[in-house]
Every structure is written in C-alpha cells, then in structure tokens.
**Student:** 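Quick one: the structure is below, questions incoming.
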Amino acid sequence: MNSATLRRSAACCAPCPHDSSHQNQFRHAERSERSPLSFRLTLLLPAFLLLASLTPAQQSPVALRGGKILTVSHGTIENGVILFENGKIAAIGAANSVQVPKDARIIDATGMTVYPGLIDSETALGLTEISAEEMTNDLVEPSDEIMPHMHVYDAFHAETELIPVTRLNGITNAIVAPASRDTLPGQDSFIQLAGKSQTDYLLIRDIAMPLNFTGDQRRNERGEGRKYPSTRMGLAAQMRQAFLDAQDYAQKWSDYEKKKADYDKPAAPSDSSAQSTDKDKSKKTPPNPPKRDLKLEALLPYLQGKKPVILAAEESSDLQAAVNLAHEFNLKFILNHVSHSQSVLDYVASLKVPVIVGPIYESPKPEERFDAVYSLPAQLYKRGVKIALASYDSHNARNLPYAAGFATAFGLPYDEALKAITLNAAEIWGVSDSLGSLDVGKTANIVVANGDPLDVKTDVKFVFIGGNEIPLTSRQTRLRDEYSAK
C-alpha cells in the first residue's frame with residue numbers, strides 16, 4: 001500500500017473510526033504582563049507580528065535538481081533547480097543558471113514536481129483528536145455565544161496524530177479556528193505543521209476573529225431548552241451590543257488616561273502658583289482605572305481595524321445582514337463560506353474583499369443547480385474576487401489539494417486553483433512575504449511529488465518546512481508497516 005492509497009483510505013485508518021471530520025524569519029511579540037488598557041490602546045502590536053520559531057536551523061544547503069518547478073508567482077520552470085539554505089530559498093532557476101555549493105545535499109528531482117507548501121485557510125488541527133471522545137475535543141467554549149477572549153493557542157495540542165497525516169499530503173501551514181457554534185467563538189491562530197513544541201508550531205497566535213452568522217449559532221432548541229439568541233434578529237442584536245459595549249469600554253479607559261495624565265502632570269517651574277498647585281494636588285485622589293474586561297478588550301483590535309474579522313455566512317440574507325453589521329462598526333473583514341449565495345455574487349464582488357471558499361463538497365440546496373457549490377470558486381474568480389480554499393476539517397484536512405482539483409473541473413483555471421491553496425492564502429493572511437510561492441528569500445516550505453499536486457493519484461516524496469526535511473510518517477504509515485510485516 002503506497003502513501004497515495006493511504007491518503008485516500010477510509011477514516012478507520014485515522015485515530016478513531018468515527019472521525020469524519022526551522023528556523024524561520026517570523027517574529028511575534030510574546031504576551032507581556034498585562035498593563036492598563038489605555039497603555040495598550042496606544043501600543044497594541046500589529047496584527048501580524050509572528051512568533052520567533054525555535055525549530056533547529058537547516059544544517060546544510062539543499063538543492064533540488066531536475067524537477068518541474070511550479071513557482072506560483074512567476075510561472076513554471078522545466079528542468080529547474082531550487083537551492084535553499086538557512087531555512088530560506090537562496091536561488092531558483094533553470095538547471096544551468098543556478099550555482100550549487102560543493103557542500104550542498106543534492107536531490108535528483110527528475111520527473112518530479114516541486115511546489116510551495118500548501119496553506120489550509122481553516123482547520124481544527126490541534127483542537128480535536130477523537131471526535132467521539134469529548135476529553136480529546138477542545139473546539140469551542142459553549143458557555144456563552146460571545147467569547148472573543150478565547151484563544152485557540154491555549155488549547156492547541158502540537159502532538160496530535162492528525163498533523164503528520166495532513167503534512168504527508170504537502171500541507172505545511174494552516175489556520176486553526178474554534179468551532180462555529182458560537183457567534184464570536186474566539187480567535188484564530190496561524191501555524192506551521194512542524195516543530196519541537198507548541199511554541200514552534202504557533203507562528204501567529206491571534207491572527208483573526210471569526211464572526212459566524214450562518215444560522216447554526218441560533219440557540220433555538222425546542223421547548224424549555226430554547227435560549228437567546230434563537231433568531232437572526234437576536235444574533236445581530238447580540239453582536240451589535242457586544243461591539244457597542246467594547247466601544248464604551250475603550251472610551252472609559254481613554255477618559256481615565258486623560259485624567260491620570262492631568263494628575264501626573266508636573267507644574268511648570270516658572271509658574272508662580274506652582275506651590276499652590278502642588279498643595280491642591282496633594283488633596284486630590286488619583287483617578288481609579290476601570291475594571292478590566294477581557295471579553296471587551298479582545299474586541300478592540302478588530303474595532304480599530306488592526307486585525308481582520310472572518311465573516312462567515314452561507315445564504316444571501318445572512319450574508320447581507322452580516323456585512324451590514326461589519327460596515328456599521330467599520331470592521332476589516334474577510335468573507336467565509338458564502339456557499340449558497342450565488343444570487344448575490346455580484347454584490348460579493350462589489351465588496352472588494354477576499355473570500356475563503358468551502359467546503360466544496362457540500363450538497364446544493366433543493367432550489368439550487370447541482371453544481372452551485374462546486375462552481376462557486378470559478379464564479380467568484382470570474383468576478384475578480386480573490387479566493388482561498390479551506391478544508392474546514394482536521395481528520396481530512398489532507399484532502400485540501402483535491403478540493404482545488406475539484407474546483408478546476410467546474411471552471412476554475414488550474415493556476416488559480418493552485419494559488420487558492422498557496423499564494424492567495426498567504427496574501428489573505430498577510431504572510432506572502434514569506435510563504436505561498438517559490439521565490440528567493442522566502443521560507444523554504446517546499447514539496448516534491450511525483451505528479452500534479454491537485455491529482456489524487458500523486459504521491460508526495462519530500463516535504464521541507466523551514467528547509468528541514470520532514471519524515472513522511474504518520475500513525476497510518478506506522479500501522480501499515482506494523483501489520484504488513486506480519
């Protein structure tokens with residue numbers, strides 16, 4: 001049984017038969033001891049500062065020679081060479097144009113396809129292991145619908161058996177998101193799929209915040225179990241109140257800072273009334289800061305436009321209501337799903353925002369054409385919308401390249417399908433200076449396969465993350481080897 005067969009095997013090969021579902025140049029400011037909010041309002045770090053990885057540096061240069069190189073950004077190089085060292089791509093070009101150092105490890109890639117590591121724009125990797133066993137699931141905090149202060153990095157399990165399975169198919173980076181049962185369930189993290197510890201995996205701890213408006217968040221259980229919000233009106237009102245409360249919270253801290261600055265301001269030496277002012281000040285009580293509220297604090301970077309909100313809606317009515325809410329609070333947003341919004345795709349295009357599409361295998365609604373969901377990527381592309389594809393999974397995140405291949409069968413150009421899981425995704429998440437294509441200076445996240453990356457028959461032969469070769473082993477391959485030897 002080869003690795004392609006393993007990737008296509010049933011879920012019973014995964015950890016549970018019931019599951020369906022380097023050194024690098026990144027830097028991230030570690031969370032410091034909490035200071036007063038007003039201080040952080042002026043010194044909040046940019047949304048895309050990244051965590052410095054502790055993955056060991058690439059030990060020696062590596063040259064992949066003779067392969068077909070899909071650069072994504074500047075075409076295809078037949079019979080090319082790509083050289084990488086110190087975790088970055090050092091040179092790329094035709095076979096006779098790249099000088100390979102004498103101490104480089106040379107890998108003959110003749111007949112192979114070389115392409116950048118794939119990026120999955122929404123998964124639950126590291127938050128779940130065995131779907132049927134609740135103790136292994138850390139997907140969402142269900143105690144409240146508005147939980148923006150939940151961070152998936154607090155729950156991320158780097159030792160999950162699902163990451164090696166996913167990595168085997170060329171996925172090297174992913175967004176990890178909380179489950180969508182809550183309206184504001186927490187904040188996403190951006191990970192690489194290799195490292196010695198959780199710290200290595202987590203490249204951007206809080207990269208974006210999901211805002212779910214699909215209808216699944218309505219707590220409309222029957223009878224006495226019915227809870228607020230159980231209607232779309234309730235969802236919108238609840239979110240609106242949360243953002244208004246956050247704005248009020250920020251204003252209170254701003255007012256406090258002004259009062260504190262006035263209290264701390266020293267009197268001018270030339271002021272004849274300085275002595276009197278000092279006496280008056282000694283009689284005053286310094287202002288008290290407002291009570292900290294982590295839930296409202298978590299919303300502030302999004303209200304300030306420093307980080308994007310991932311606006312999830314499927315049907316046209318939900319989509320327009322959610323977009324109106326985002327515009328009301330001037331939120332920077334990325335659309336998610338829009339799976340059943342074919343009637344308003346021109347409206348979607350007019351928003352001039354990226355769209356994360358999927359799951360592409362979803363069934364159409366009774367009133368839709370059979371290919372409505374399958375052709376959605378092509379329809380968005382034709383309207384000039386930048387798209388990225390996502391698996392929205394953990395146990396089957398490995399199937400991401402096949403979703404892109406499926407989209408090509410329904411009209412999406414091949415190059416755009418590949419971009420949807422590489423460069424487009426990197427641009428949407430703000431990491432295209434380091435990931436998403438094979439260019440000099442970018443991180444050496446590189447995949448070598450024996451065929452087309454979007455073809456289910458293709459076998460991945462090498463995966464490099466940060467220039468380090470990653471063993472192509474997983475729980476599945478270990479079980480295969482163990483039982484096939486008997």
**Student:** With no hydrogens and no angle check, just 3.5 Å: does a side-chain donor-acceptor pair link E141 and S143?
**Tutor:** yes
**Student:** So, K442 side chain and S432 main chain: donor-acceptor pair closer than 3.5 Å or not?
**Tutor:** yes
**Student:** So, T443 side chain and N445 main chain: donor-acceptor pair closer than 3.5 Å or not?
**Tutor:** no
**Student:** Keeping the roles fixed (side chain from N137, backbone from E133), state whether a donor-acceptor pair exists under 3.5 Å.
**Tutor:** yes
**Student:** Using a 4.5 Å cut-off on heavy atoms from C-beta on, say whether the side chain of I446 contacts that of V114.
**Tutor:** yes
**Student:** Apply side-chain contact (heavy atoms from CB on, under 4.5 Å) to L299 and F243, showing your working.
**Tutor:** CA-CA 7 Å; L299 293 174; F243 287 122; 3.9 Å; yes
**Student:** In sequence, state the C-alpha distance, the side-chain angles, and the governing distance for Q198 and Y153, and then conclude on side-chain contact (heavy atoms from CB on, under 4.5 Å).
**Tutor:** CA-CA 8 Å; Q198 183 198 69; Y153 63 76; 5.6 Å; no
**Student:** Check the pair D255, Q251 against side-chain hydrogen bond (donor to acceptor under 3.5 Å, both in side chains), reporting the backbone distance first and the verdict last.
**Tutor:** CA-CA 6 Å; D255 293 344; Q251 186 61 51; 2.8 Å; yes
**Student:** Which heavy atom of P401 sits nearest a heavy atom of I171, and at what distance?
**Tutor:** CD-CD1, 4.0 Å
**Student:** Please find the pair of heavy atoms, one from L454 and one from A417, that lie closest to each other, and give the distance.
**Tutor:**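 Taking every non-hydrogen atom into account, CD1-CB, 4.0 Å.
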**Student:** Counting distance only, does the side-chain N/O of E297 pair as donor-acceptor with the main-chain N or O of H149 below 3.5 Å?
**Tutor:**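 No; zero donor-acceptor contacts below 3.5 Å.
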**Student:** Within the 4.5 Å heavy-atom criterion, are S391 and N396 side-chain neighbours or not?
**Tutor:**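 A side-chain contact under 4.5 Å is absent here.
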**Student:** Which pairs count as ring pair (Phe, Tyr, Trp, His ring centres under 6.0 Å) when at least one residue sits in residues 343-371, sequence neighbours excluded?
**Tutor:** Y361-F406
**Student:** Indicate whether any N or O donor in one side chain lies under 3.5 Å from an N or O acceptor in the other, for E122 and N336.
**Tutor:** yes
**Student:** Can you measure from OG (S474) to CZ (R167) and round to the nearest 0.5 angstrom?
**Tutor:**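 Between S474 OG and R167 CZ, I get 9.0 Å after rounding to 0.5 Å.
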**Student:** Quick one: does any side-chain atom of D248 pair with a main-chain N or O of L244 as donor and acceptor, under 3.5 Å?
**Tutor:** no
**Student:** Aromatic ring centroids of H327 and F333 under 6.0 Å?
**Tutor:** yes
**Student:** Rounded at 0.5 Å granularity, tell me how far CZ in F329 sits from CD in Q247.
**Tutor:** 5.5 Å
**Student:** Report yes or no: does S341 contribute a side-chain atom to a donor-acceptor pair with the main-chain N or O of V344 at less than 3.5 Å?
**Tutor:**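 It does not hold such a pair.
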**Student:** Would you say that R292 contacts W253 through its side chain, given a criterion of any heavy-atom pair below 4.5 Å between the two side chains?
**Tutor:**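 With C-beta onward as the side chain, the pair touches.
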**Student:** Would you compute the distance between atom CD of Q192 and atom CD1 of I204 and round it to the nearest 0.5 angstrom?
**Tutor:** 11.5 Å
**Student:** Measure the shortest side-chain to side-chain distance between T166 and L400 over non-hydrogen atoms and say whether it is less than 4.5 angstrom.
**Tutor:**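 With C-beta onward as the side chain, the pair stays apart.
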**Student:** Less than 4.5 Å apart, any side-chain heavy atom of T136 and any of H157?
**Tutor:** no
**Student:** Any sub-3.5 Å donor-acceptor pair from D138's side-chain atoms to L127's backbone N or O?
**Tutor:** no
**Student:** About how many Å separate CG of L423 and CD1 of I421, when rounded to the nearest 0.5 Å?
**Tutor:** 12.0 Å
**Student:** Do you know which two heavy atoms are closest between F410 and A378, and how far apart they sit?
**Tutor:**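 What the structure gives for the nearest pair is O-CB, 3.5 Å.
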**Student:** Between P116 and L438, is any pair of side-chain heavy atoms under 4.5 Å apart?
**Tutor:** yes
**Student:** Given the rule in the side-chain contact (heavy atoms from CB on, under 4.5 Å) test, do L303 and L331 qualify, once you have shown the distances and angles that lead to the verdict?
**Tutor:** CA-CA 6 Å; L303 284 168; L331 302 178; 4.1 Å; yes
**Student:** Hydrogens and angles aside, do E129 and T160 bring a side-chain donor and acceptor to less than 3.5 Å of each other?
**Tutor:** yes
**Student:** Let me check something: any side-chain donor-acceptor pairs from residues 379-390 under 3.5 Å, sequence neighbours excluded? List them with distances.
**Tutor:**
unit_1: Q379; atom_1: OE1; unit_2: R383; atom_2: NH1; d: 3.0
unit_1: R383; atom_1: NE; unit_2: D346; atom_2: OD1; d: 2.8
unit_1: R383; atom_1: NH1; unit_2: Q379; atom_2: O; d: 3.1
unit_1: K386; atom_1: NZ; unit_2: E427; atom_2: OE1; d: 2.6

**Student:** Nearest 0.5 angstrom please: D182 CG to L211 CG, how far?
**Tutor:**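 Answer rounded to 0.5 Å: 11.5 Å.
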**Student:** Would K419 and D415 satisfy salt bridge (charged side-chain N to carboxylate O under 4.0 Å, His left out), going step by step from the backbone distance to the final call?
**Tutor:** CA-CA 6 Å; K419 281 184 180 179; D415 289 347; over 6 Å; no
**Student:** If you measure from the Lys or Arg side-chain nitrogens to the Asp or Glu carboxylate oxygens, is any gap between K295 and D245 under 4.0 Å?
**Tutor:** no
**Student:** Any sub-3.5 Å donor-acceptor pair from N173's side-chain atoms to I191's backbone N or O?
**Tutor:**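 Yes; at least one donor-acceptor contact below 3.5 Å.
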**Student:** Could you walk me through whether D439 and I92 pass the side-chain contact (heavy atoms from CB on, under 4.5 Å) check?
**Tutor:** CA-CA 7 Å; D439 291 290; I92 184 171; over 6 Å; no
**Student:** Rounded to the nearest 0.5 Å, what separation is found between the CG atom of L184 and the CD1 atom of I146?
**Tutor:** 4.0 Å
**Student:** Among V353, I428, L311, exactly one meets side-chain contact (heavy atoms from CB on, under 4.5 Å) together with I334. Which residue is that?
**Tutor:** I428
**Student:** Answer whether the closest heavy-atom distance between the side chains of P210 and S180 falls below 4.5 Å.
**Tutor:**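 Heavy-atom side-chain distance check fails, nothing below 4.5 Å.
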**Student:** Locate the shortest heavy-atom distance separating S339 from G358; write the atom from each residue and the value.
**Tutor:**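 Heavy-atom minimum between the residues: OG-O, 3.5 Å.
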**Student:** Do Q187 side-chain atoms and I207 backbone N/O form a donor-acceptor pair below 3.5 Å?
**Tutor:**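 A pair under 3.5 Å: no.
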**Student:** Indicate the ring-plane relationship of F464 and F84, choosing parallel, tilted or perpendicular according to the 30° and 60° boundaries.
**Tutor:**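 Geometry flag for F84 against F464: perpendicular rings.
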**Student:** Which atom names give the shortest non-hydrogen contact between A194 and I470, and what distance separates them?
**Tutor:** CB-CD1, 3.8 Å
**Student:** Could you check R369 against S375 for side-chain hydrogen bond (donor to acceptor under 3.5 Å, both in side chains), going step by step and ending with a plain yes or no?
**Tutor:** CA-CA 10 Å; R369 283 175 53 96; S375 63; over 6 Å; no
**Student:** Taking all atoms of both residues into account, what is the closest heavy-atom pair of A397 and T123, and its distance?
**Tutor:** CB-CG2, 4.4 Å
**Student:** Checking side chain to side chain donor-acceptor pair (under 3.5 Å) between H340 and each of E315, E367, E362, which is the one that passes?
**Tutor:** E362
**Student:** Check whether any side-chain heavy atom of D393 sits under 4.5 Å from a side-chain heavy atom of N399, and report yes or no.
**Tutor:**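 The answer is no; the side chains never approach within 4.5 Å.
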**Student:** For T408 and P413, indicate whether the former's side chain and the latter's backbone hold a donor-acceptor pair under 3.5 Å.
**Tutor:**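 Looks like no, no N/O pair under 3.5 Å.
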